[in-house]
Amino acid sequence: MSRIISGLAGSIKLKTAAKSTRPTSDRVKESLFGKLENLGVLEGAKVLDLYAGSGALGLEAASRGASEVILVEKDKAAAEVIKENIRLVSKALGAKPLITLQSKEVKKFLGQLAANYDLVFIDPPYELANSEISENLEALLQNLERESLVIVERSSRSEDFAWPIGFELEDKKTYGDTAVYVLRFS
């Protein structure tokens, strides 16, 4: 079970597509979002949640004050779950923030991206190649606000991935089998 931990939609239980996603644990979310709140990056943020799964990361950001959240997920079963989770969270939040789903491959979505974002989550299946993470980061370069954060979640057993010039590693934390990288775009 996954849930919204805090904010206006706090404690809402989210649905997951068990066979097609690997939800971020509540322990990891709680630690990560505590850090993001301390950095003051959530309030009014424009957020992308790539490889959204259940939408838990983007929806947590919405609950904690993000102004716009786009969830990107190509898996049809997961996209259906995200639609239901958006409905549940939107009901608790009212008219704001704007939460939308893009049912397409991340690479295709990033190739059409026109707006700029303050916070991006990249939480792909662990078996996704590091080279694809690096390609995602490269594609994001022209669509990030200065000082934006990109959060990448990987298996703690994976090798570190390469990030393009323009990103600095602000933090890396390991939680059991999960490693969370916080990259700042400068």
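The figures here come from the full heavy-atom set of this structure, side chains too, leaving out hydrogens, waters and symmetry mates.
- Within the 4.5 Å cutoff, no side-chain heavy atoms of E30 are placed close to those of R27.
- Using modelled atom types and a 3.5 Å distance limit, the side chains of N136 and Y51 yield a donor-acceptor pair.
- The backbone N or O of V182 sits nowhere less than 3.5 Å from a side-chain atom of D171 that would complete a donor-acceptor pair.
- Annotation for L59 and L14: closest pair CD1-CD2, 4.3 Å, computed over non-hydrogen atoms.
- Counting only heavy atoms from C-beta outward, the side chains of L137 and V150 approach each other to under 4.5 Å.
- Between L169 and Y181 the shortest side-chain heavy-atom distance falls below 4.5 Å.
- I99 places a side-chain heavy atom less than 4.5 Å from the side chain of L71.
- Within the 4.5 Å cutoff, no side-chain heavy atoms of K74 are placed close to those of K104.
- L93 and L98 fall into different hydrophobic clusters, where Ile, Leu, Val, Met, Phe, Trp and Tyr side chains are chained together by heavy-atom contacts under 4.5 Å.
- Of the charged side-chain nitrogens involved, none lies within less than 4.0 Å of a carboxylate oxygen, so that R184 and E168 do not count as a salt-bridged pair.
- In this structure, the side chains of R154 and F161 come closer than 4.5 Å at one or more pairs of heavy atoms.
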Review point. Between T178 and K173, does a side-chain hydrogen bond (donor to acceptor under 3.5 Å, both in side chains) hold up when you go through it step by step?
Key: CA-CA 8 Å; T178 301; K173 201 160 200 158; over 6 Å; no
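- Side-chain atoms of Y175 and S156 form no donor-acceptor pair, as typed in the model, at a separation below 3.5 Å.
- A salt bridge links E84 with R87: the closest approach of a Lys/Arg side-chain nitrogen to an acidic carboxylate oxygen falls below 4.0 angstrom.
- A donor-acceptor pair is defined here as one N or O able to donate and one able to accept, closer than 3.5 Å; no such pair exists between the side chain of S67 and the backbone of P97.
- Not a single donor-acceptor pair under 3.5 Å links the side chain of D118 to the backbone N or O of A45.
- In this structure, a donor-acceptor pair under 3.5 Å is present between the side chains of E153 and T24.
- Classification of E60 and R64 as a salt-bridged pair holds, one side-chain N sitting under 4.0 Å from a carboxylate O.
- Residues I122 and V120 meet the side-chain proximity criterion, which asks for heavy atoms closer than 4.5 Å.
- Here the side chains of L113 and L140 are in contact, with some heavy-atom distance below 4.5 Å.
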